[in-house]
Structures are given as C-alpha cells and as structure tokens.
Amino acid sequence: MPELPEVETIVRGLDKRVTGDTIDSVWIGSRRQPLKSPAAEIASTLEGRKIVRVHRAGKHIVFDLEGAMSGRRKTRQAASLRRQAQWIVHLGMTGRMVVCEPAAETAKHTHLIARLASARELRFVDPRMFGKLSVHSSGFDPGGVEPLEVGEEQFRALFRGRKTPIKSALLNQKLLRGVGNIYADESLFRAGIRPRRRAASLTRDDLRRLYRSVREVLKEAIALGGSSISDYVDADGEEGFFQLQHRVYGREGEPCLVCRTAVKRAVLVGRSSHYCPQCQK
DNA sequence: ATACCGACCTGTCAGC
DNA sequence: TGCTGACAGGTCGGTA
C-alpha cells in the first residue's frame, strides 16, 4: 500500500497524536506472519515506554522510545537497565495504524493493540500481513538513501554501471528508499524515460531530469497527503488526493495527458509498469 | 551482480 | 448467485 508520501503523511499524524504518550500495555494477536521480532520481545520493549518521537525511514515508521524511566522514580535497576529503543513498523501493502478509543470495534486483522496512558489505543491492522513489526535497541537503519535528502551527484552515482532496468533500480530500497510502484512510474513519466531502459544507459541529462522528477513527485504527493487507491487512509482516517494527479499509473489505455497516445501497461519485475510510448524514450 | 519467478496473505472486482 | 482468475501500494529467497 504505502510508499514514501503515504508513510510520511501517516508519520506526521502519529507524531502529532501520540508523541509524549506512554504505552501502558500491549496485546499481540496470534498470527506470527507480521512479527519480525518475537512477540514477547516486542511487548516487553514497548510496555511502560514513553513515545518520544515518530518519524520515517524509507517506508518504515519509527517510534523512538524513551530510555531510562523519567518522572516517577521506579526502582533504580529498572531505570538503569532500560536503554532507549525503537519500534519499527512497515505497513507492507495493506497495513494501517489506527488511533482510537478503547471502545472502538476491533477491526478484522488487528495484530497489535498498544494501550496508551491517555486512555486511547494505537492499533496495527493488516489484512494481507505483508507488514512487519519489530523492535531495535536504537539506530535502526534500513539502508539506502532518502530521495528527499540525497544530492544530485550522489543520486547519479546510485545508478552508475547498473544493467538493471531503471524502474527496478528505483524500486530497490537498498539504493533509494521509499519509492514504490506508483511513484516510480510517475517519476519516469515526468522524466521522459521508459521503465525498461538500462540504468547504465541513462545520460547525465536523463539522470538530472529523473532526480528532479522523483523529488517533485514525492513532494507534491506529500503535500496532497499521498495517494488513496482503494483503502489507504492516514493516521486520522483521512484519504490522500495525489491519485487525482497520476499521469500514467492506473491509466492504461487512457490518453497521455501530453500527447494523447494511449498509456501502456507492461509487467516488469512482476509489477505493473505504466508509461507513454510516445513521451518516454 | 542480475533477473526472473514464486512465495508470503487477503480482498475485490470483472467476466462468465 | 456463485465460481474463477487476475490483480493490488511490498519484500524476500531461490535459481540460473
């Protein structure tokens, strides 16, 4: 489901709503698929922790959890034993984070409920279970560079000498993190580059346009709260509006908005790729 | 290194 | 109405 702009939107909402709150207790469902760390480890890491900040690393949601207990004096041991930690949530295709009242009906496919000191709950819901929950001691690093932070030269270097299709390279989270299928297609369209072009065959000028397109698309999408295709909503339950700005994604057979040629769809790396055969070379 | 495929899951929708 | 197959925002691991 969510790529960088959707995760960024969700994270901003969560940071506003749950930062400063404390996780009193945690319920974890019986399905093992969504858990990347053992359930007991997740529970023991989260329980009793204050959320200091919610931010994003690629498509991952990162909850920074306070280290040594502050405020009320717990036993000296407990305070000294607890190092700062991070709770990492990857939403996969269909994952959602829901902030709600405890009385709210539990949605089907709810895998984790964190009960907050503010008498609200933070829930992880994921029908397809491609999402992943894990905990880290600190310094979580998914690899790759942030597209909105990388400079043009470093961006160009990511693709140097790679024979893989440029679309595959854009989707490779170890290179650039956060770009998924929608934004790869939209960026390539704006840059006038076909998805199948070998990364190494791109000229300096191609890469300059691609660099600008990727950033432009991501920024515009963030400004519109992401793309809601079927079920994506942010932390406040609001839909995004960038799907209305898609120029090729999901527009197979429809006229290109620039030249009126029918938009094509081809399968690449097992994913749908949408492009204009006229505008993209 | 690369590239192609299936696997991991559930839900929805089009077509018959 | 119901069945079947294709498809869906993502990643991982195996194989050539």
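Basis for what follows: all heavy atoms, side chains included, without hydrogens, waters or symmetry-related copies. Convention: sequence-line order gives letters A, B, ...; per-chain numbering from 1.
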Next on the checklist: Using the side-chain heavy atoms of A/I182, tell me which of these nucleotides is nearest: B/dG11, C/dG10, C/dG9.
Outcome noted: C/dG9
Checklist outcome for this item: The nucleotide from B/dC8, C/dG9, B/dT10 with an atom nearest the side chain of A/Q33 is B/dC8
Once you apply a heavy-atom cut-off of 4.0 Å, does [X] come out as touching a base, just sugar-phosphate, or nothing?
{"X": "A/F242", "result": "nothing"}
{"X": "A/K59", "result": "sugar-phosphate"}
{"X": "A/G270", "result": "nothing"}
{"X": "A/K108", "result": "sugar-phosphate"}

Pick out the pairs of N or O atoms, protein on one side and nucleotides 12-16 of chain B on the other, that lie under 3.5 Å.
none

Checklist entry - Using the P atom in both, what is the distance from C/dC7 to B/dC5, to the nearest Å? => result 14 Å
Show each protein N/O and nucleotides 1-3 of chain B N/O combination with a separation under 3.5 Å, one pair to a line.
{"unit_1": "B/dT2", "atom_1": "OP2", "unit_2": "A/R162", "atom_2": "NH1", "d": "3.0"}
{"unit_1": "B/dA3", "atom_1": "OP1", "unit_2": "A/K163", "atom_2": "O", "d": "3.0"}
{"unit_1": "B/dA3", "atom_1": "OP1", "unit_2": "A/T164", "atom_2": "N", "d": "2.9"}
{"unit_1": "B/dA3", "atom_1": "OP1", "unit_2": "A/R198", "atom_2": "NH1", "d": "3.4"}
{"unit_1": "B/dA3", "atom_1": "OP2", "unit_2": "A/T164", "atom_2": "OG1", "d": "3.0"}

Next on the checklist: If a pair means Watson-Crick or G-U wobble with both distances below 3.5 Å, what does DNA chain C look like in dot-bracket form, with | marking bases paired to a different strand?
Outcome noted: .|||||||.|||||||
Next on the checklist: According to a cutoff of under 5.5 Å between the ring centres and under 30° between the ring planes, does A/F130 stack with the base of B/dC8?
Outcome noted: yes
Checklist entry - Salt bridge check: are A/R247 and A/D185 linked by an N-O gap of less than 4.0 Å? => result no
